[in-house]
Every structure is written in structure tokens, then in C-alpha cells.
Colleague: 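After the C-alpha cells below, expect a handful of questions from me.
A note on names: the letters A, B, ... follow the listed sequences, proteins ahead of strands, and every chain is numbered from 1.
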Amino acid sequence: MSCYPKIYDIVRQIPYGQVATYGQIADLAGLVGKARVVGYALFRVTTDTKIPWHRVINARGEVSRSSLRDGNDDLQLLLLKAEGIEFVKGRLDLKKYRWQPDFISIDDAD
DNA sequence: CAGATGACAAGAT
DNA sequence: AATCTTGCCATCT
């Protein structure tokens, strides 16, 4: 089982047609500066949960390309395009599509 | 246990 | 603007 329920809780709240960066998720999850943990946490889950992982991208406003994703990286791009997000040279306007949460409802409070 | 790896980020060049 | 370097931390070998 995963050890970061907050991350999934937050990612799950990303609205349609918007995206969030790993750093942003990390910040909201209390993992400031630990964006890698977010990425890794999502990596193990993607195929096992209904989390909109495709709405989570890096701070450059582009989807990461890894040898392991082997096609799933292309799937992410497809899913985002399907949500009305326009890509320019594999990039999107973070200014325009970045999710700005007003309030996060998280079950956990430590 | 130690070294290498990785869906990242921010700063320096 | 693009690329390199360092920091971060969980997971793998």
C-alpha cells in the first residue's frame, strides 16, 4: 500500500482541463521541495488507481518522457489534449492551465 | 549496509 | 532560452 494518501487525495481534486506540477502537489501534500517523492508515488499507482495522473506534469509545463513509460507518455499527452489543453512543441501554458486550489479537503491532519 | 537510479525543482552558467 | 549542477528522498540492486 502506498504511504502518501495526501498526494492521491490532492491529485484527485485536479479539475478537468487543468494541470498541476509535481512541486505544487508536493507543496500541498506537505512535501515541500520533495517533488521527486510525488513523482515516484504516482509512478507506482497510475495503473492501479483511478487518479488523474495525466494531469500532473513537471514545472517546465511538459510531460516527462521516460524509457519506462514506453507509450504511456504519449497516452498522457493524448489525455490532456482530449481535455482541451493545447500543446505547443510538447509544452503547454502553465500560466493558463495551472490549477489554483482554493481549499484542499484532506482527511489526514496529522 | 552502500551505491545507483529516477514521472522533479531551483539556481547557476 | 537551453543546459549543467546540486539537493531531495524513496526504491532497487
Side-chain angles (χ1 to χ4, degrees):
Chain A
M1 195 47 178
S2 322
C3 307
Y4 295 104
K6 286 185 183 175
I7 295 178
Y8 311 133
D9 231 345
I10 294 165
V11 175
R12 215 174 295 152
Q13 291 176 66
I14 304 177
Y16 181 98
Q18 292 195 342
V19 299
T21 68
Y22 294 99
Q24 187 171 7
I25 301 300
D27 183 43
L28 293 170
L31 298 168
V32 184
K34 302 168 192 166
R36 298 201 86 154
V37 182
V38 178
Y40 207 91
L42 289 175
F43 172 71
R44 7 176 354 163
V45 172
T46 39
T47 54
D48 203 56
T49 64
K50 339 255 177 271
I51 296 177
W53 56 273
H54 56 271
R55 293 179 189 150
V56 186
I57 58 178
N58 58 17
R60 293 177 179 176
E62 54 171 25
V63 300
S64 300
R65 289 196 160 188
S66 289
S67 359
L68 305 176
R69 294 291 82 231
D70 184 60
N72 277 26
D73 51 347
D74 190 53
L75 174 63
Q76 178 167 14
L77 198 71
L78 228 60
L79 289 168
L80 292 175
K81 281 182 179 176
E83 300 200 350
I85 297 177
E86 293 189 42
F87 279 83
V88 181
K89 293 179 298 192
R91 281 187 176 148
L92 58 82
D93 292 294
L94 268 180
K95 263 166 124 179
K96 187 174 180 180
Y97 297 108
R98 188 179 233 203
W99 172 47
Q100 295 168 48
D102 296 298
F103 176 73
I104 306 293
S105 40
I106 300 179
D107 213 270
D108 183 273
D110 272 36

Colleague: Is there a path of hydrophobic side-chain contacts, each under 4.5 Å between heavy atoms of I/L/V/M/F/W/Y residues, joining A/Leu28 to A/Val45?
Modeller: yes
Colleague: Which salt bridge (charged side-chain N to carboxylate O under 4.0 Å, His left out) pairs, counting each pair once, include a residue from residues 21-36 of chain A, with sequence neighbours left out?
Modeller: none
Colleague: Can you sort out which residues in residues 74-83 of chain A have a heavy atom within less than 4.0 Å of DNA chain B? Ascending by number, please.
Modeller: A/Gln76
Colleague: Please examine the side chains of A/Val56 and A/Ile14, heavy atoms only from C-beta on, and report whether any two atoms are closer than 4.5 Å.
Modeller: yes
Colleague: Which letter, B, S or -, goes with each nucleotide of nucleotides 1-6 of chain B from 5' to 3', with contact meaning a protein heavy atom under 4.0 Å?
Modeller: -----B
Colleague: Tell me who clusters with A/Leu94, hydrophobic residues only, linked when side chains sit under 4.5 Å apart either directly or through other members.
Modeller: A/Val19, A/Ile57, A/Val63, A/Leu77, A/Leu80, A/Ile85, A/Phe87, A/Leu92, A/Tyr97
Colleague: Using the closest heavy atom to pick a nucleotide of DNA chain C for each, name whichever of A/Lys34 or A/Arg91 lands nearer the 5' end.
Modeller: A/Arg91
Colleague: Rounded to whole angstrom units, what separation is found between the NZ atom of A/Lys89 and the C1' atom of C/dA1?
Modeller: 10 Å
Colleague: Just how far, in rounded Å, is P of C/dT3 from CD of A/Glu62?
Modeller: 10 Å
Colleague: Are A/Tyr8 and A/Val11 linked, directly or through intermediate hydrophobic residues, by side-chain heavy-atom contacts shorter than 4.5 Å (ILVMFWY only)?
Modeller: yes
Colleague: Would you kindly confirm whether A/Leu31 and A/Trp99 end up in one hydrophobic cluster when ILVMFWY residues are joined by side chain heavy atoms under 4.5 Å apart?
Modeller: yes
Colleague: Which heavy atom of A/Ala29 sits nearest to which heavy atom of A/Ile7, and what is that distance?
Modeller: CB-CG1, 4.0 Å
Colleague: If every non-hydrogen atom of A/Asn72 is compared with every non-hydrogen atom of A/Trp53, which pair is closest and at what distance?
Modeller: O-CH2, 3.9 Å
Colleague: Classify A/Arg55 by what it touches in the nucleic acid, base, sugar-phosphate, or nothing, heavy-atom distance under 4.0 Å.
Modeller: nothing
Colleague: Can you tell me which nucleotide in C/dA2, C/dC8, C/dT11 comes closest to the side chain of A/Arg44?
Modeller: C/dT11
Colleague: Hey, does A/Gln24 have a side-chain heavy atom less than 4.5 Å from the side chain of A/Pro101?
Modeller: yes
Colleague: Filter on salt bridge (charged side-chain N to carboxylate O under 4.0 Å, His left out), then keep only pairs touching residues 52-63 of chain A, sequence neighbours left out; what's left?
Modeller: A/Arg55-A/Glu83, A/Arg60-A/Glu62
Colleague: Below 4.5 Å, heavy atoms only, C-beta onward: do A/Ser64 and A/Asp73 meet side chain to side chain?
Modeller: no
Colleague: Check the interface with nucleotides 9-13 of chain B: list each N/O to N/O pair with the protein under 3.5 Å, or write none.
Modeller:
| from | atom 1 | to | atom 2 | distance (Å) |
| --- | --- | --- | --- | --- |
| B/dA9 | OP1 | A/Gly23 | N | 3.4 |
| B/dA9 | OP1 | A/Ala59 | N | 2.9 |
| B/dA9 | OP2 | A/Ala59 | N | 2.5 |

